[in-house]
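One structure below.
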Amino acid sequence: TACDADQSATQQEAEEESKMLLSADMYYKYEDLHSRPTITPDSEIPENLLHLSHSFGYDSGRRANLQLLDEKTLMFVAGNLLILLDISTRQQKYLRSCSGKGIGSITTHPSKEYFVAAEKGNQPNIIVYEYPSLQPYRILRGGTEKAYSFVDFNRDGSLLASVGSAPDYMLTLWNWRQEEVMLSCKAISQEVYRVSFSPYNPGLLTSSGSGHIKFWKMTSTFTGVKLQGLIGHFGKTAATDIEGYVELPDGKVVSGSDWGNLLLWDGNSIKVEICRKEGRSCHAGMVQPFALEDGQLMTIGSDGVVRGWDFESIDTADSNSDSGRFEIEPMNEMVVGHNVCLTSVVRSSLPDSFIWFAQDSSGAIWKLDLSFTYTTPDPECLFTFHTGAIQGLDVSKKSHLMATTTLDRSVKVFDFVAKRELTTSRFSQGGTALSWAPPLVSLSSGGLLVTGFEDGVVRLLELYDPQRLHVVTGRRPKGDAKLRLKQAFKPHNAPVTAVAYERNGDILATGSSDCTVFFFAVGEKYNPIGFIHVPGPVQGLEWSPHSHSDNRLLILCQSGHVVEVQSPDPEAENVTKTFQLPDLSRRSFRFRSIKSRIKEEIARRQAAKEKKKKEREERLKDSKQPDGDDEEEEEEEQEEQDLPPIYIPDPPSPLYCGFYSLPGQFWLSMGGFDSGFLYHCQFSEKQDEDPGQRQDEPFDFLPIHNTDNDPICSVTFSSNRQLLLCGMHSGSIRVYLLQPGDHSLTSMQAYWALSVHDNQYGHLQHICCSHDDHFVLTAGDDGNIFSFSLLPPEELQRVLQSKRAKVPSPRVSPYFIAFSLNSRANHTFLQCEHKHRAVMCNQKSRFFKQLLIDNQSLPEHIRLTPEVDKHTHLVQPIYAEKPNENYEDPQDVQAIHEAKENIGDLKLKSAKDFTVPIHLRMNAERKRAELIGLEQNMREKQTEMNRRIVALRDSKVRLVLQLKTQAQELQKVQQRLAAHLHRPPPSLPSILPEETPEKKLRYSRATLERYRVLREQRYSCQCSTRSPNNLNYISCSGEEGTLSVSPLTRENVPVEEGVELSALEEELQREEEIILLHKQDSLLEQMESSVYQFDAELMLLRHQKLHLDWQLKLADLRQLTLYQELLLLKEFERREDGLQGKLNGRIREENSITLELKHREIAKLQEREKTLITTFQALLGENNKFEDFLTNVFKKKVKRVKKKEQTGNEDSEDDDWDDNGDYDSGTEDGGLFENTLQLRERRLDLEEQLAEEKKSAELLKKECDTLIKKEKSVKSSRQAVENDLELVNKEKQQKMNELYVVVPLRLHQIEYVTSGSVPSDLSPALVLDRTELSRLQERIKELQVEKGQQRELYFQARQQHVRLIHDRKDMDANIQSKILEKQCDELMMMKYGRMVDLETLQTLSGNRTLEELKQEKLLREATYAKEIKEWDVLSTACLYKSLLMCIQGKQFQDYRRRVDQEEIRRLRELVKTQSQQAEALRTEIGLLSRKGGQVLPPGQAPLPPLAPLPTPAHSTNKSKHGTRRPSK
């Protein structure tokens, strides 16, 4: 029958599907899948012509271009490559795209065992790779037409969702392990940014994109599972692009917006718009929610901030205002950095980790710790890259260095051999052009860069090695290279698009989009020569090579104009008032399209060729010779035919690049309509026409294979011009092999091509060769930079082993060295020095090799051997002392520990929620100790100052004695000198009485004797009391008097008048005079220096004394504050002591509760019981025929008596086994039986002990329960006391915060000035940190910017409002045109499969209760039948088991008979009971089948039984009650 045939076909299909299931261990081969270079057939070009060396870029503008494979490996897309980057080592691994057209999206499996690369191209595939083997595991085919825009796994990783880009926008759900499509439908007719499964409901999905969000649900219909989508309605809210969203557990969705607020979606409409207080946006710019963690909704924004919001507040948010907004403030916030734009984040795979990795569209990858604690580290920038299209790239002509610039305002320098970035410099404007100066220009350094910027400024940047500056500066700066500004000038008013040096390095030319070219004379300082105007924006500049006789500049304009000018004379004087060069000779060329003519000519030639071929074949068939005259006539007729009209594109095709061929001739590559050819052009001899009106055609062309839609954007040659490297518009590289000297490119046929950059937007604008032709560098508009080697990696490493990129030394200039050399002379000197070093190195190398040969030829006992072992012996102790990689400095560990202990709660003490830590709580005793410590510190400082003052006084006393001695010596010397040779002595210091107060209490025997005499005179005489001066005179009479120097006179030497001295006497007298003068001078100098030194020490001590007075005054103020705090603490001391006593009592009571259970003893007894069982099993041995019987004996429970009655009951115990005739205790197994009985006795003893222990354990457990209740009550009372104590501490802290504290300020710190003076009352003033003031001032500027942004948003909202009004009118018109009726019909067909009369369907709704009861009846019958079947199976199994046991128990028939009979009786009762239950169930089924039936109207057939419906329980119950009411 047909049904049988259908069933057999279904079974066959199921069998085929089961056979086609993919095995879990099946893999594809990567070598068979990945894209390969395209090579011209039959050419000798090797497939591995270029080897990928490194990637220096990152496409940070691509959506979700960052994934984490493990804790140290990041993954992102770079053009046609998938890059796996090691975070620690910065090593890269590469996977090429399989289509060769790029990669659309990537994602990772939740288990991190797989990752996905969704590709681009015609019918692209999704490749699932295994990690870390990197083998292709699954290939998903047929999901979209052109490219995938997003892929994502569900929570458990069993399903994969993908969404395509234009034109189909197909949403597909995959069973990816079996490479099957589960569901597929069109998502929407707009660009989709993201699609994801709900983590809480596996049947829900969400997608979002350009101006929309859509909510999907997998539903079951009669035709199978389908995807149903609901588009989100923005309502009053302006439509926005939605980059990110988060699904909530209750089905709601929170999405971002363009203006920075969050949108809460409930169903498919916006419930509320979430913003900050006072209407501020949640983020400045685009916002994306990305995670729901620990009760926080995490969001990122284009403002570089991560914020956490309270989830419960957002989930229950509702707006009470007409604006539909809900205001909330973030719980946590992290500012990643300025000029940061976060677009996507991925979380660390470690459990309970707070580490996230963020993609910054400003060109960086960040590591974030989102724990939001006081110890959270600052955001860490792991990698930095260029942002946006690469505007300029060039390589050094002397070393393996590369420089790049982009509109992100940065210039970077790379070492592409070492694969690292050397330096980065940032400027105020973006870079647009860059060129490395030739060696002739930068002879001294070789590190001069010319960079053009978007504001028309040209900067000369000099690269140097800062490590070599320490010779001059004495400091070692950081970094391997630096860029410093040498000169800057502004020749243009628009972005600089090209810079080029003249072939001799004497002139620099700069071109701009302002249609001007400026020339500069090259020297130590670049001087302007002049400029010229050109017909269009400058695209490129190229100077004529050395093979040309004339020195000319070829100027390529974007509009298709080409201008050639003669090189200006840099030494000519410009007598005009401007820098314009009107007299500079020039030739112009304007490209005129000839592609249409070329195509027609090619088509005509092809048709003629095919026609001739057909005629030749026909003539060969007819065996006729072809007639030459007819052929000539046909050719003449073809020549006479008119050419088709030529198509000229309007606007003209853009000019991409060009280069010289011969003098006056050049090649051009055009875009647009004219792409597909290289055009050979030359300048016309007629140059009288206006350059803007010229129409010049190329004189030759060269077709380029497969480039009609993929023109050549950039061109470069190798140094020998045998390789032509082309950068294509599709982001691929082409390499052509040329013959030497082939300027006409006739040998440009075979090529090698490889897709590298993104095929859609990664236009390859820059391609260069290194100075040694070992490397090829490319840079595209996708921000990626790649380096390729022309040699295999092994050979390249061998060649470059001794060649490393060398950063130039600092430039020889007056800033660093006092002299400078002429550049040409310096170049000659460097060349000579280089040659000399090369010759010396060669000589030393040859000498060393000869020494090695001679050493090997010597006998072994005198041959020299390298002292490797000695050096190893010396190095090993050093390596032994090398610390481990994970070693931590103990000081650092101690510092971190102290920081954790001391940082504590960072809330202000005046905050309401501040809780004083236990170790910082203050009481009166501690405060008293602090006050005492402060006083002791003050006393120690005062004592130390007093000691130093007394020491200085003692030194003064010694100085006075020394000066007195020196004055006496000086007096003796001056007595022997003439009066006119005397020098006045210095004023001598004196010791004042107040300087030695301790001497007032000193006395001598003479003083006491005088005091006795005076006292006797006072008492004996009746005279008046003596004055105090006398007493003072007595007490001071023993003191040393002040130093006085009497007038010095020369000693009277008896010299007779009129007696002349002899010559010898005069000589001796002069000699003595000189000696005395020297003594006088030395004594005076010693006295003055001693006084000066003492005065200096006195001034220093005075300064220190003033500083100490200032400190003591502050200490007095601090002492006053501490005393006030002490008084305050004494007031709280009594309350605090009482509460602390209560708390201590509760703690002691809690500690006194001990819960001791005998778990250890019970465990020991159980262990002994296990040992006993093991002994019994060992005693039985293997295959014992009485094993079952002895086991029963061992396990049998026997009523035991006490030890006293044990002897009398032994016989009765043995009698229990007398009736067992099957076992003979007298056999050889009798001893085994006795051992079994003994073991049973031991087991029973252990069971009794165990029972006793369990009884005691039960008693202890009851006691434990009582103690636990008591412990809970004690804990609650302890918590109450702790709360009271905490309240007291808070009140105490609040009172202490109210105390005034003196803060001394200097006058320059007071800026509170009124009328030019400081007011006397400073109470209204505010003490503020200067940094906080600066932040507030910056915030004012930020608010002004935000105000402007809000105005812009308001303007956009008004436009959106007008647009929505028009949309509403259109919707009204659509409703009137019965579009909704059509949609209703479509929904009816989708649900019922045919058109249904809804009125008729409504009339039949009265029998729904009956149908529901029928369905319930069927369900119950199925359930009861299943239960009966289970009981039947169980009873059968029990019977079979019992019978089997009866058969196997022959040795113990008498013993087992009673047990089996009892079991059979129990099973019969069970079967009887089950039969009664089954009969009762059948009766209930019959009753249910007769209840609630209704009579159908005549002529109407009964409705067929409905399929089981997923009806909720509560609705079913309602239907039951509804049917029972009429039956009553």
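Both backbone and side-chain heavy atoms feed into the values below; hydrogens, waters and symmetry mates do not.
- In this structure, the separation between OG1 on Thr108 and CZ on Phe115 is 10.0 Å, given to the nearest 0.5 Å.
- Between Lys277 and Glu329 no salt bridge is recorded (no basic side-chain N to carboxylate O distance below 4.0 Å).
- With respect to the salt-bridge test (charged N to carboxylate O, under 4.0 angstrom), the residues Asp782 and Arg62 do not qualify.
- A heavy-atom distance below 4.5 Å is not found between the side chains of Glu333 and Val306.
- Tyr193 carries Arg63 over the face of its six-membered ring, with the cationic atom under 6.0 Å from the centre and within 45° of the normal.
- Taking the six-membered ring where the residue is Trp, the centroids of Tyr58 and Phe76 are separated by under 6.0 Å.
- The side-chain contact (heavy atoms from CB on, under 4.5 Å) test with Leu297 singles out one residue from Leu262, Ile274, Asp310, and that residue is Leu262.
- Remark: Asp168 does not engage Lys186 in a salt bridge, criterion side-chain N to carboxylate O under 4.0 Å.
- Atom CZ in Phe290 sits 5.0 Å away from atom CH2 in Trp356 (nearest 0.5 Å).
- Contact check for Glu130 versus Arg138: no side-chain heavy atoms found under the 4.5 Å cut-off.
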May I have the step-by-step check of side-chain contact (heavy atoms from CB on, under 4.5 Å) for Ser162 and Ile126, ending in yes or no?
-> CA-CA 9 Å; Ser162 67; Ile126 298 177; 3.8 Å; yes
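- The six-membered or imidazole ring of Trp265 lies near that of Phe234, with a centre-to-centre distance under 6.0 Å.
- Judged by distance alone, with hydrogens and angles left aside, the side-chain atoms of Arg280 form no donor-acceptor pair with the main-chain N or O of Cys275 at under 3.5 Å.
- Between Glu293 and Arg347 there is a salt bridge, since a side-chain N of the basic residue sits under 4.0 Å from a carboxylate O of the acidic one.
- Using modelled atom types, one finds a donor on one side chain and an acceptor on the other under 3.5 Å when comparing Lys146 with Asn122.
- For the pair Arg141/Gln123, no side-chain contact is recorded, criterion being any heavy-atom separation below 4.5 Å from C-beta on.
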Checking side-chain contact (heavy atoms from CB on, under 4.5 Å) for the pair Asp294/Phe354: CA distance, chi angles, key distance, verdict?
-> CA-CA 11 Å; Asp294 297 332; Phe354 296 99; 3.7 Å; yes
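- Shortest non-hydrogen contact noted between Gly157 and Trp176 is O-NE1, 2.8 Å.
- Using a 4.0 Å cut-off between charged side-chain N and carboxylate O, Glu119 and Lys101 make no salt bridge.
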